[in-house]
Structures are given as structure tokens and as C-alpha cells.
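Only heavy atoms go into these numbers, but all of them, side chains included; no hydrogens, no water, no symmetry mates. Start at 1 and go down the list; that is how both ligands and their atoms are numbered.
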Amino acid sequence: MEQYCEVIVDIAHANVDRLFTYRAPDDVRAATGSHVLVPFGAGNRTREGFVIRVFGESELPDRDENEPAVVYKDVLRLIEPYPILTSEQIELAYWMQHSYHCLLVDALRLMIPAQMRGGRVREKIERTVQLADPAKADAQLISLLDKSGKPRSQKQYEVLELLIKTKLEMSVSDVLAFVPNAQSAISALIKKGCVTEGGHVTFRRPDYGGIGQDKRVVLSREQERAIDAITAAMLAKAGTLLLHGVTGSGKTEVYMHAIEQCLLSGRQAIMLVPEISLTPQTVGLFRERFSDGIAVLHSRLSAGERFDEWRRIRLGKARVAVGARSAVFAPIENVGLIIVDEEHEPSYQSESTPRYSAIEVAAHRAKSFGAPLLLGSATPSLLTYFRAQSGRYKLLELPSRVQNRPLPEVEIVDMREEFLAGNNGIFSGRLVQLLGECVENGHQAMLFLNRRGYSTFVSCRSCGYVVECDNCDISMTYHKGENRLRCHFCGAAKPLPRVCPQCGKPFIKYFGIGTEQVEEQLHALFPDAVTLRMDTDTVKSKDSMQAMLSEFARGEARFLVGTQMIAKGHDFPNVTLVGVVAADATLLIPDYRSTERTFQLLTQVAGRAGRDESPGRVVIQTYSPAHPAIRFAKEHDYKSFYHYELEQRKKAVFPPFSLFVRILFSGDDDQALSSAVSDFAGQLHAALVETLGENDERIILLYSVSPSPIRRKQGVYRYQILIKLLRTARLSDAIQTIYTFASGHRNELFAMVEVNPQDML
Ligand code: ADP
Ligand code: ZN
């Protein structure tokens, strides 16, 4: 019987985002999930495609006898011998297409390493050699000697002798390790018929960092209880659990035990961590516990490594996938557990098409496999904790640090008082004192400030003029190192003005501190102490970040100054002091989440202190010491923070009680953009009202059409429709209406629909 298949061609265009039927010739063993080459379009250009379904002749659509027979084109060949997609992944892609209104092919592309498309990465073949005929080998060795008994070619002699000794097939690289520079000798031996060559597919493995001794600890009662609950959920094959554990409470140990239980039951696991905590430290821990059973997926891998780690999972050689956001698509066929560490991290939300939430995708996959989903955090997102409180998620708690180590003591310094007392520097007296003690005791300190550069804005004291970017509506930051002003949106640079460009007077002043200034001041205070600075200016590549972190971990620097890059996950035992230079920086961001984000950030940063035997101290400098985000962070009191913040959100009907949708527009012509946006907004509003009906129209709590807060970015104007919807049963209908309307009214001005946008600037 003839085989046919439905293929989606790997072209991201709405017009061809559908299935095309091809015939699979006998020698092309296409299966669901196969990666194939097919002729496509009128010119029959060769294209890559994914086989979505294979079926027999009998299932071809019926046709009228009078019509001419349909001629199906043939699949040309398979690209990989095995299907690269599982049926579950195909189902997942359909679900994403529906949930995020993306192209099916865009969703499918997420499931495989990017370089597999277009054949930009291949399997690595390890060349091997072995004796052609072991029985004749000794005679062949002798024939390599001259009359005086000396080898005519020393290298050939050594290679042959080595192979006789080992009697094994050896990789060429191993042979070369014993006999350096023997490439041509090997070729000569092959030519003479003494040696035959072969090859094996090998897996390029990333360097996971030092594989040391697996450290087994005695679990605490709370850790055991958490693991029992997760094991029970695995047996029940369902459920979402939230592991709420303070910083340093041993969550990672719980994850690893849960994964062990999962593997024992014959199933496999996925663990997501934020990219930034994929340090050699974390990866090393997993590698020590699970050895070759894990595969790691993150952005620092080379194309070959990524492909091979992916293949080790696909071919069942690795049973645990650990990685950042995109590892949620790991091609595991029998998922028994999915873990999302630091679940509150915004990086789980994709910022490019398809704009998926890795946590939602994880929840969907977990459900299809009958696996529990475990979310973990010291500072769960409000929504997650809300669900745990309402019983939708099972709450597991680790309320104290391991071995009853104390949480660091947090002191708040009111910078207004410092100023009144005559200190107008960036460090309070208390912080300077503690930094000094740190130096004396040989400990290390971290200083956190969420603003890079030297001064965050430059303005004229006389007329108030602020230097802004020519392309964007934001003030420019002074970077002392390069002695220029820079835009943090588009990167544009400008020289420093000597006089005010507006009033011509020479009263240009620099305001607002950035990490560069912190580093400089620290150096002025402690000229002998080595300081490292980590922010996007000093960390140009992922590798330089790792290098800096290891340098600090090895104690080669006394101080580490940085932006939120240093806030997460790192475990530096010798850090006893953490200073937050200005807690206000994140509080002042105009967003309903800024209180939550500040609390999370302060708690995470504070959590870096005192993780080992010596207790830790944290100093938070602020101009608003009474702010709840700061007060509750000082007390390490997540629950009170949660209740306070939830009450605020309830009053203002902010998420989780409602949901924001933003539709962004951009264009060169302000006027044209503005009128196009009002048209769009009017029609969309009508469509929403029609869907919801008179009764449910009230769930639209806000419908605003305006220029974005940052009206111009990188030279283009930006407008937005901001919609706030009450969380009711009709919410998803409203969102579907917005998506459907938007995809039906796509034009060059319309940028995107964001459900639950990460920022509203
Ligand atoms: P978290 O992720 O909750 O911040 P970690 O999992 O990093 O905490 O644990 C902090 C440290 O405590 C790690 O060095 C870990 O090896 C250690 N640890 C975890 N559980 C125990 C335990 N039961 N006994 C002793 N040490 C532990
Ligand atoms: Zn700019």
C-alpha cells in the first residue's frame, strides 16, 4: 500500500502554515515527526519540512470521478534517520499555536536546536583505527625495520606497536595522544594494509565544570516531607506543587532527590533554572549526582554541543534535561516530573515570537504526561502563591536554612538622615564600617545596585535641561570609563556637553549613581582591595560572566559590585556582607509590580550573605525606609508581604485579580500612527463588546489608547492599547477575540499582542 504524509514546510509565513500532502516513496521511511526534504511550490524548490502524520492510500480524500487525479509530489528524503519530533511535541505545538496565536511552524522550531535547520550542524564522527589482521601484525611490525633492526619510520613503528599492545580499536585522537604527530604515519599504515580505519558517532559534551565528589547530606525533616509529597504526586501522576523555601534552605537537594525518585520509577525529568543560575557550580552538582544521565541545554553551548546534548536526550541516552527556558521543550518521551526553579523569574516568559510562558508550557506538558509540576522559589510570584493558598497548588515549605543557619540580619539605613548628618557620599557610615570589618576579617562582600553606568542622568542646574537620546525618549547615562553618554535602549553614544545645549550656561551636573561610580568610590575607600564589577558593560559574553564569578568564588577579589546579575543563585561561602546601595532604584519604576519585584530582589540579594558557617549581614540603603517592600524584606517575612501586596492588588483590581493585555504599534510617522491606532482600537473594542455581550462587557476594566510611556524608541514612535480585564470565566474568550482580531488586522504598524506584558513601557 502506498504511504502518504502530511508535511508542514519549514517556512514561517501565515500563507503556508498548513499541512501539505506528499507521497512517501518505498525507500523513504517517513514517520510522524520525521525531518524531510520536499519539493515545494510551483518551482519545486527543495525545502525542509516536518512530517505531522503518515497515512495509507485509503485515507486520501475522495474525489469526484470526473475530476482529474491529484498528483502528489514525492518526499525527497529523510534528513535524520530517526523522527526528530515526538507526537507529544507535535500536539504541544498545536496547543501553542492555539494558545499563543503563533504559526505552527514557529512552535515546532522551538523543539529542535536551531542549527539543525538548514543542516548547519552535523553529527561528529570519531575516526578510529585497528589492526587489519592481528595474526599478521607481528610480522608486519618486523617488516617496518631495516637491515640494522632500526625502524625505517619511527612513527609508523610506534603506532603499529601501540595497536598490537592494546589489541583494541582506538580513536585516532587517542593514538595521537600516545604518538604525537603521527597523522601521516597512520595514513601510510592504512595504505600498506596493516591498519584499517573506521568511525563512530560521538557526542560533543560541554565542559560541565569540575566533576568532584557527590556530597550526600542528611536531609532535614522538612526536606524529607517535601520529597515525600512530590513522590506521592508522581504516584498520583498529577498535581502542581509549590516549594516555598527561604534562601539557603536546601531546595536544590529536594529537586535532586525528587529527580532520583522519578528515575527510579523508570521515568524522566526536566528541570528549568534561570539562565543566570546555570553556573558551572549548579551544573556540576547535577553532574556529580546523575553523571552521564543528565544533558544540559543553555545558550553558552556551541552549536555542536547543543545538537549533541539534544540528541542524547532524543535518543534516550540522557534521562534528565537541565536548562534555561527553552529546555522546557526537551525531547523527553516519558516525562515523570518537571521542575521550575526560581519560578518568579521573568525570564521564563519569552520576549519574542512565540511569546510563550515556559511555566505554562511546562504545566501543559506535565498534564499530557501525567506528571507533577514542581515550582520552587524563596519569593514565589504573587499569582503562584495565591494559587497555593487557594488550594490549587500544594504548598510545601522549607521555613529555615539548612542546619539552622540563621538568615542574615538586615539593617536599613535611612539615607535622608545620612544626608542631614552631613554625609553626601553614596555609602552610609554603617556600610563603610562593615566593609572595613569585612576587609579586616578576610571575608568578602557584594554590593548591589540595579543601575549601570556612572551617573544615570545629566542635567543643567540652570534651566533643568536633561540630555536625552536622539532616538529614544529617555535620559542618557554617563559612562565614565569611555567618557561618553550612552542610551540604555539603543546604545547610541554622545560626547559630554561642556555647556547646556539649551541655555548655553556651564552648569552641567551629573545625577544618580550607577555601578561604575560604586566601584570607583569603593576603590577610593579601600585602595588595596580588589573589586570586580559585573554588569552588561563589563560582562560582554556569557563566558566572561562565568570567569568573573569563578574569580570571585576563588577569593581573588574582595568585593563584587553588580546589577541584578549578581542577585541570583550564586553560593559564595565567604560572603558575609551584602550591601544594597540604593533600594529605591527598582521601587521607582512605574509598574504595578515594582513593589513585588523590589521585595523579590532584596530577598534574593540578601540571601547571598552568610550561606556558610559565618553568619551574614545585609545593609539596605534607602530614601524610603518605611516602604513595605523594604520592611518585609528586612524581616524575611514573605507571608506578611504577600498579604499586604495582595490587599493592594485587590483594591486596585490589579493582577492576579485582573490581567493586562497590551497591543503595541510603532511607526515613523507620528500622525499616521496615531490615527491608525484609534481606528484599530475602535474596531477591536466593538469586537470585544460583541463577544462579551452586554452582561460581561464590564470585565473590561480599562481600555486605554495612548502613546507608550516611552513614546519614541530607537527612532520610531510607539503607541499602545492597554486593556485590563477582570479575571472571570469570560477572560479567555476576550483574549481569543483580541488575538483573532489582531491577526485579521495585521499591518506594518501593528507590532504585537502581549498578554501579561513584562513591562508596560
Ligand atoms: P536554596 O536553593 O534553597 O537556596 P541550596 O539548595 O543551595 O539552597 O542549599 C544551600 C546549601 O546547603 C548547599 O550548599 C547544600 O549543599 C547544603 N544543604 C542542602 N541540604 C542540606 C542538608 N540537609 N544538610 C546539610 N547541608 C545541606
Ligand atoms: Zn536611544
Side-chain angles (χ1 to χ4, degrees), residues 209-230 241-261 269 271-290 294 320 322 324 339-345 374-380 384-385 395-408 410 444 446 549-550 552-553 564 566-576 578 599-616 618 633 636 638:
I211 168 149
Q213 194 73 49
D214 182 15
K215 192 171 81 182
R216 287 280 172 176
V217 295
V218 181
L219 296 174
S220 70
R221 279 245 301 289
E222 283 84 13
Q223 283 175 318
E224 264 176 8
R225 224 177 287 147
I227 294 160
D228 288 347
I230 302 161
L241 307 98
L242 168 62
L243 179 64
H244 176 214
V246 298
T247 57
S249 58
K251 292 185 288 294
T252 313
E253 200 61 45
V254 172
Y255 302 148
M256 291 199 288
H257 274 82
I259 293 172
E260 278 180 317
Q261 291 299 321
M271 163 134 164
L272 304 185
V273 295
E275 178 80 41
I276 199 140
S277 33
L278 270 173
T279 57
Q281 232 175 356
T282 327
V283 173
L285 266 179
F286 275 81
R287 169 100 162 121
E288 280 150 27
R289 188 71 51 98
F290 300 106
I294 71 159
V320 182
V322 179
I339 299 174
V340 182
D341 188 26
E342 310 279 8
E343 66 83 30
H344 62 278
E345 276 290 302
L374 173 62
L375 307 174
S377 174
T379 52
T384 300
Y385 201 77
L395 181 62
L396 313 171
E397 293 179 300
L398 302 177
S400 44
R401 284 190 162 178
V402 295
Q403 297 176 331
N404 286 321
R405 282 176 202 155
L407 280 161
V410 181
Q444 291 173 293
M446 290 167 81
L549 289 172
S550 334
F552 190 62
Q564 58 188 1
I566 67 169
K568 311 273 154 62
H570 315 301
D571 201 348
F572 302 113
N574 198 31
V575 169
T576 53
V578 167
F599 175 81
Q600 286 167 344
L601 210 48
L602 292 178
T603 306
Q604 298 287 346
V605 180
R608 296 313 109 216
R611 291 173 70 89
D612 212 49
E613 264 94 58
S614 7
V618 179
H636 306 285
Y638 177 83

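A pairwise comparison of heavy atoms in Ala229 and Leu241 identifies O-CD2, 4.0 Å as the closest pair. Nearest heavy atom pair, residue Arg401 against residue Thr247, reads NE-O, 2.8 Å. Between Gly245 and Lys251, the closest heavy-atom pair is O-NZ, 2.9 Å.
The aromatic rings of Phe599 and Tyr638 sit tilted relative to each other, their planes meeting at an angle between 30° and 60°.
Remark: ligand 1 and Thr247 share no N or O pair separated by less than 3.5 Å (distance only, no angle test). An N or O contact shorter than 3.5 Å links Ser249 to ligand 1 by distance. For Val217, no nitrogen or oxygen atom sits less than 3.5 Å from a nitrogen or oxygen atom of ligand 1, counting backbone and side chain alike. Distances between N or O atoms of Val402 and those of ligand 1 include no value under 3.5 Å.
Protein heavy atoms are absent from the 4.0 Å sphere centred on atom 15 (C) of ligand 1.
Remark: ligand 1 atoms within the under-4.0 Å shell around heavy atoms of Gly250 are 1 (P), 3 (O), 5 (P), 6 (O), 8 (O), 9 (O), 19 (C). Taking every heavy atom of Val218 and a limit of under 4.0 angstrom, the matching atoms of ligand 1 come to 22 (C), 23 (N), 24 (N). Atom numbering of ligand 1 starts at 1 in the shown order; those under 4.0 Å from a heavy atom of Ser220 are 23 (N).
Panel note: side chain Gln223, backbone Gly250; a donor-acceptor pair is recorded below 3.5 Å. Distance alone, capped at 3.5 Å, places no donor-acceptor pair between the Tyr255 side chain and the Leu374 backbone. Side chain of Gln564 to main chain of Leu601: no donor-acceptor pair is present (N/O by atom type, distance under 3.5 Å, no hydrogens or angles). For the pair His344 (side chain) and Ala378 (backbone), a donor-acceptor distance under 3.5 Å is absent.
In summary, the side chains of Ser400 and Arg405 do not present any donor paired with an acceptor at a separation below 3.5 Å, with no hydrogens or angles considered.
Among all protein heavy atoms, the one lying closest to atom 25 (C) of ligand 1 is Gln403 NE2, 3.5 Å. With respect to atom 11 (C) of ligand 1, the closest heavy atom belonging to the protein is Asp571 OD2, 4.3 Å. Residue, atom and distance of the protein heavy atom nearest to atom 7 (O) of ligand 1 are Arg611 NH2, 3.3 Å. The protein non-hydrogen atom at the shortest distance from atom 20 (N) of ligand 1 is Gln223 NE2, 3.0 Å. From the protein, the heavy atom lying nearest to atom 2 (O) of ligand 1 is Thr252 OG1, 3.4 Å.
Ligand 1 lies nowhere less than 4.0 angstrom from a heavy atom belonging to Gly245.
Only the backbone of Leu219 comes within 4.0 Å of ligand 1, judged by heavy-atom distances. The residue Arg401 has no part lying near ligand 1, judged by heavy-atom distances below 4.0 Å. When non-hydrogen atoms are compared, ligand 1 lies under 4.0 Å from the backbone of Val246 (N, CA, C, O) but not from its side chain.
Here the options are Glu342, Glu345, Gln600, Gln604, the test is side-chain hydrogen bond (donor to acceptor under 3.5 Å, both in side chains), and the partner is Thr379; only Gln604 passes.
Taking NE2 of His244 as the reference point, atom CG of Leu395 lies at 8.0 Å (rounded to 0.5 Å).
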